[in-house]
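One-based numbering along the sequence shown.
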Amino acid sequence: MDKKGREFFAANLDRHVEAEGEILDEYRTLAGGLEDGPISFLIDLILTEEEQHHFLLRTMANRIRLPFEKGERDELSWVVDRDELRRHTQKLREHEQETIHACRSLKSQIPVEEGEFFDALLDALILDSEKHRRLLLAVEKLIPK
């Protein structure tokens, strides 16, 4: 991608960061008005993740503005053994898959009276583990051959 394309992408990320900032304020307002309990817990969880998304978008915008040097991937060579890194990421991806299976199994054991609360949390854990698997796969693809 050329410099103009990178800046266009970064500017779009910046606009999303601004919109996310307004949403963060909404979540903070909502969270501040709730008493401790299941609803407050869920809103706080969402707020924490929205703050992470805000940080991620801002970091992406800053990173895309830097030129990607062809030799950048080779920086790993002095940090860690590539094969060891591959083994670790594969092991961690397997762990995330096990977590997904365990959470799906736990969903069948949820007490009826607490169903929606725990079902939503287990779904969130499943989605997070799927996200972690995807990120680990990206790490593996970035490891030089």
Does [X] use its side chain to pair, donor to acceptor, with the backbone of [Y] at less than 3.5 Å?
| X | Y | value |
| --- | --- | --- |
| S108 | S105 | yes |
| S129 | I126 | no |
| R82 | I143 | no |

Can you tell me how far apart [atom1] ([X]) and [atom2] ([Y]) are? Round to the nearest 0.5 Å.
| X | Y | atom1 | atom2 | result |
| --- | --- | --- | --- | --- |
| D119 | K107 | CG | NZ | 3.5 Å |
| L85 | L142 | CG | CG | 10.0 Å |
| L57 | R15 | CG | CZ | 13.0 Å |
| T89 | E94 | OG1 | CD | 10.0 Å |
| F118 | E113 | CZ | CD | 9.5 Å |
| L121 | L45 | CG | CG | 6.5 Å |

Set out, in order, the CA-CA distance, both residues' side-chain angles and the distance that settles salt bridge (charged side-chain N to carboxylate O under 4.0 Å, His left out) for E130 and R104, then state yes or no.
CA-CA 12 Å; E130 288 172 347; R104 286 183 177 148; 3.4 Å; yes
Which pair of non-hydrogen atoms, one from [X] and one from [Y], has the smallest distance, and what is that distance?
| X | Y | answer |
| --- | --- | --- |
| I64 | R6 | O-NE, 2.8 Å |
| G115 | I110 | CA-CG2, 3.5 Å |
| A61 | A10 | O-CB, 3.7 Å |

Here's a test for you: under side-chain contact (heavy atoms from CB on, under 4.5 Å), which of D128, D123, L122 qualifies with C103?
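Considering D128, D123, L122, a side-chain contact (heavy atoms from CB on, under 4.5 Å) with C103 is found only for L122.
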With L47 as reference, evaluate L42, I23, L24 under the side-chain contact (heavy atoms from CB on, under 4.5 Å) test and give the passing residue.
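It is L24; the other options fail the test.
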The single option from H88, H132, E140, E98 passing side chain to side chain donor-acceptor pair (under 3.5 Å) against R93
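With R93 as partner, side chain to side chain donor-acceptor pair (under 3.5 Å) holds for just one option, E140.
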Go through it in stages, so that I can follow the logic: the residues are Q97 and H101, the test is side-chain hydrogen bond (donor to acceptor under 3.5 Å, both in side chains), and I'd like the CA-CA distance, side-chain angles, deciding distance and then a yes or no.
CA-CA 6 Å; Q97 186 62 46; H101 289 305; 2.9 Å; yes
Got [X] and [Y] here, is their nearest side-chain heavy-atom distance under 4.5 Å?
| X | Y | answer |
| --- | --- | --- |
| D44 | Y27 | no |
| D83 | R86 | yes |
| L56 | Q52 | no |

Criterion side chain to side chain contact (heavy atoms under 4.5 Å, CB included) on H16 and E20, from CA distance to verdict
CA-CA 6 Å; H16 196 70; E20 283 274 319; 3.6 Å; yes
Between L92 and V139, is a side chain to side chain contact (heavy atoms under 4.5 Å, CB included) present by the stated rule, with each step listed?
CA-CA 11 Å; L92 291 168; V139 168; over 6 Å; no
Does the pair R28 and E51 meet the rule for a salt bridge (charged side-chain N to carboxylate O under 4.0 Å, His left out), with working shown?
CA-CA 10 Å; R28 287 183 184 117; E51 288 169 339; 3.2 Å; yes
In this structure, are over 12 heavy atoms from other groups packed under 6.0 Å from [X] atom [atom1]?
| X | atom1 | result |
| --- | --- | --- |
| F9 | CZ | no |
| D36 | CG | no |
| I39 | CD1 | no |

Please test R133 against I100 for side chain to side chain contact (heavy atoms under 4.5 Å, CB included), starting from the C-alpha separation and ending with a verdict.
CA-CA 10 Å; R133 280 184 30 224; I100 291 167; 3.3 Å; yes
Could you give me the CA-CA distance, side-chain angles and deciding distance for D14 and R65, then say whether side chain to side chain contact (heavy atoms under 4.5 Å, CB included) is met?
CA-CA 11 Å; D14 287 337; R65 286 185 169 100; 2.5 Å; yes
